[in-house]
Amino acid sequence: MTRTLLLRNADILVTMDAQRREIPGGGVYIVDNIIQAVGTSAELPQTADEVIELAGHIVMPGLVNTHHHMFQSLTRALPAAQDSSLFSWLEALFPLWARLTPEMIHVSTQTAMAELLLSGCTTSSDHLYLYPNGCRLDDSIAAAAEIGMRFHAARGSTSVGRSQGGLPPDALVENERDILKDSQRLIEAYHDPRHAAMLRIALAPCSPFAVSRELMRDSAILAREHGVSLHSHLAENDDDVAYSLQRFGQTPAQYAESLGWVGPDVWHPHCVKLDEPGINLFARTGTGVAHCPCSNMRLASGIAPVARMRAAGVSVGLGVDGSASNDGAQMLGEARQAMLLQRVGFGPAALTARDALEMATLGGAKVLNRDDIGCLAPGMAADLAAFDTRGIGFAGAGHDPVAGLVFCSPGPATYTIVNGRVVVREGRLTSVDATALAARHNRLAGILADG
C-alpha cells in the first residue's frame, strides 16, 4: 500500500541540489521511500498520511558516514589505549578483539548505528575486518536491518600476521582463499545494486600492513566482476607510509595504483599523509577519500590535506572511524571538527561551514559511489534529518543558521528519516529500545574487557 509523508514549514530546507538551494519555509513530499517534491511548503501537496510540522527546524539531507569500525564501540576509552598512536593502539586492542563473539558484533553494530541515527546520519559504511569465534558480516547486516539504517557493509579482512611481517596477531588472520570465497558469498547473498538500495556490499582488505599484495589484487578483480566497491586504509600516519616504503618500495598511493586500487569504485579512509602525486592520482582517477578528523586527532596521525584534495577535484566524505579511536559518532560534530582542523592547518578560509556540510552529505554519497542519496530532490531516496535551532546552543546564530549547524555546539537530530521511515522521532529512536540496547552493550563490553 502506498504511503505518503509530508514535512513542511521548516525554517530552512537545505537541499544540496545542483543549485545548492536553501529554501525558507521549505518542505518535502515523500511517497513510500522516494522524494516526490521539494520546495516551499505552499507549493507542496497539503495532505498526506502523516504530516510533520518543522517550524524552528533546519531540514537537510541525511548525513552519510563513509568509514566506521562499529565493533570498537565495545572498547571505548580503554586506559591501555588512551594515549597511543595507531600501531601501538592496535597492538593494545588486538588481544581484546580476539574475544569478539557474534552477539557482540550484532549488539555493537546496533549501538553504533543508534548513535549515528540520533545525530542525523542515515547511511553508514562499516569496515569489519576481524572474524574470531564464528563472527560473520551477516551479524552486522542483520543488526542494520533491524534498526533501519541504510548500510554499506564492507567485508574486511586480515591475512598477514606478525610472523609474516604484518601487525595483527597470527591468531586473528584468515586464509586468503577463505576470505575470497566468503566475499563472493556475501555479494551473491546481499548486494543490492538497485536505486535506493538499503544494503550494499564492499570488499575491504584491512590495510597494507595486514594483507598481502595478492589479496589486494584478487579482491579488486572479484569486486569488479560483481560491480561492488573497494575500501582499504591508506596513508594513515608516518608509520604507515614508512611501512609501505620499506616493505613494498612504494608510497601508499603508488602501491594502491599498482594493484588496481584507484577509480570511482574505490574509497580510502584517512589519507592523512597522501602526497601531492597521490592527490593528483586520486583526482585523475575519481578515487574517493573518507576523512576522519576526530580519529586522526585522537591518534595524533596528523592533519589530512583535505582542502588541497577538494581543490584538486578529489571526492571527500566524512567518517567517524572506529568507536575506540574517536570515541563518538556525532556526524555534525565530525563536520565541525573537519572545518576547524583544516583551519588550524591551512588558514581560516581553508574550509567553510557549507563545505563541511557538503562533505557530510553529497561528498559522502559520491565516495560511496551513489547517485540516489546526499541531496533533497525529486527521485532521490527519502533520507532526511531535522535539527531544532530554538535551543540555547543555537541562540544568537539566526544570522546564518545553516552555518550555525557547524559553528555551534552540535545537537541531536529531532527527526531522522531513512528510506521514508521515521527512525528518530522527537529525539528518540523508534526502531529499538535505546536504554535496553545500551545496558546489553555495557554488559558485553565488560565481558570483553575482563576476558
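Bear in mind that the values here come from a model prediction, so they are computed numbers and not experimental data.
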To the nearest 0.5 Å, tell me how far Met216 CE sits from Tyr255 OH. 5.0 Å
Validation row: His69, Leu128 side chains within 4.5 angstrom (heavy atoms): no
Going through the distances and angles, do Met16 and Met380 end up as a side-chain contact (heavy atoms from CB on, under 4.5 Å)? CA-CA 12 Å; Met16 287 293 170; Met380 301 294 285; over 6 Å; no
State, yes or no, whether a side-chain contact exists between Ser295 and Val320 at a heavy-atom distance under 4.5 Å. no
Go through it in stages, so that I can follow the logic: the residues are Val306 and Phe346, the test is side-chain contact (heavy atoms from CB on, under 4.5 Å), and I'd like the CA-CA distance, side-chain angles, deciding distance and then a yes or no. CA-CA 10 Å; Val306 167; Phe346 308 109; over 6 Å; no
Does the side chain of Phe407 reach to within under 4.5 Å of the side chain of Asp400, using non-hydrogen atoms? no
CD1-CG distance between Ile35 and Leu376, expressed to the nearest 0.5 angstrom: 5.0 Å
Looking at NE2 of His57 and CG of Asp388, how far apart are the two atoms once the value is rounded to the nearest 0.5 Å? 4.0 Å
Salt bridge check: are Asp182 and Arg185 linked by an N-O gap of less than 4.0 Å? yes
Using a 3.5 Å distance criterion without hydrogens, assess whether the side chain of Thr66 forms a donor-acceptor pair with backbone atoms of Gly364. no
For residues Met70 and Ser124, determine if any side-chain heavy atom of one lies less than 4.5 Å from a side-chain heavy atom of the other. yes
Verdict with reasoning, Leu234 to Trp261, per side-chain contact (heavy atoms from CB on, under 4.5 Å): CA-CA 11 Å; Leu234 198 75; Trp261 273 75; over 6 Å; no
To the nearest 0.5 angstrom, please state how far the SG atom of Cys294 sits from the CD atom of Gln337. 4.5 Å
Please find the pair of heavy atoms, one from Ser232 and one from Cys206, that lie closest to each other, and give the distance. OG-O, 3.3 Å
Tell me yes or no: between the side chains of Glu174 and Ser157, is some donor less than 3.5 Å from an acceptor? no
Ile141 to Leu199 - nearest heavy-atom pair and separation: CG2-CD2, 3.6 Å
Heavy atoms only: give me the nearest Leu230-Ser219 pair and the separation to one decimal. CD2-O, 3.7 Å
Hey, does the side chain of Ser159 reach the backbone of Val173 with a donor-acceptor pair shorter than 3.5 angstrom? no
Just verifying a value: how many Å separate Ile303 CD1 and Leu341 CG, rounded to the nearest 0.5 Å? 4.5 Å
Verdict with reasoning, Arg336 to Gln330, per side-chain contact (heavy atoms from CB on, under 4.5 Å): CA-CA 10 Å; Arg336 184 173 191 263; Gln330 219 289 357; over 6 Å; no
Kindly say whether Ala324 contributes a backbone atom to a donor-acceptor pair with the side chain of Thr75 at under 3.5 angstrom? no
So, taking the atom named OG1 in Thr111 and the one named CD1 in Ile147, what distance separates them when rounded to the nearest 0.5 Å? 8.0 Å
Indicate the ring-plane relationship of His231 and His233, choosing parallel, tilted or perpendicular according to the 30° and 60° boundaries. tilted
Are the side chain of Asn442 and the backbone of Ala439 linked by a donor-acceptor contact shorter than 3.5 Å? no
Would Asn326 and Glu334 count as having a side-chain donor-acceptor pair, cut-off 3.5 Å? yes
Cys121 and Met331 have their tightest heavy-atom pair at CB-CG, 3.8 Å
How close do Met309 and Val316 get, heavy atom to heavy atom, and via which atoms? CB-CG2, 4.1 Å
So does Asn133 get a backbone contact from the side chain of Arg99, meaning a donor-acceptor N/O pair under 3.5 Å? no
Main-chain N/O of Ile201 paired to His191 side chain as donor or acceptor, under 3.5 Å: yes
Side chains of Ser301 and His270: any donor to acceptor distance under 3.5 Å? no
If we ignore hydrogens and angles and just use 3.5 Å, is the side chain of Asp327 paired with the main-chain N or O of Ala77 as donor and acceptor? yes
In terms of side-chain geometry, is the basic nitrogen of Glu103 or Arg443 positioned less than 4.0 Å from the acidic oxygen of its partner? yes
Is the shortest side-chain heavy-atom distance between His441 and Ser73 below 4.5 Å? yes
Is there a side-chain contact between Leu437 and Leu429 (heavy atoms, below 4.5 Å)? no
Please check if the side chain of Thr287 supplies one atom and the backbone of Val262 the other of a donor-acceptor pair under 3.5 Å. no
Please give me the minimum heavy-atom distance between Leu448 and Leu96, naming the atom from each residue. CD1-O, 3.2 Å
Closer than 3.5 angstrom, by distance alone: can the side chain of Asp49 be matched with the main-chain N or O of Thr4 as a donor-acceptor pair? yes
Given the side-chain rings of Phe71 and Tyr131, with only the six-membered ring counted for Trp, is the space between their centroids under 6.0 Å? no
Any non-hydrogen side-chain atom of Ile417 less than 4.5 Å from a side-chain atom of Thr122? no
Is the number of heavy atoms from other residues, nucleotides or ligands within 6.0 Å of CZ (Arg177) greater than 12? no
Test of understanding: with side chain to side chain contact (heavy atoms under 4.5 Å, CB included), list the residues that count as partners of Arg370, not counting sequence neighbours. Arg150, His152, Ala197, Arg200, Leu368, Asp372, Ile373
In sequence, state the C-alpha distance, the side-chain angles, and the governing distance for Arg440 and Asp433, and then conclude on salt bridge (charged side-chain N to carboxylate O under 4.0 Å, His left out). CA-CA 11 Å; Arg440 186 180 176 197; Asp433 182 335; over 6 Å; no
Flag, side chain of Gln342 to backbone of Ala350, donor-acceptor distance under 3.5 Å: no
Taking the side chain as everything from C-beta on, heavy atoms only, tell me whether Ile12 gets closer than 4.5 Å to Met60. no
So, Asp126 and His68: side-chain donor and acceptor under 3.5 Å apart, yes or no? no
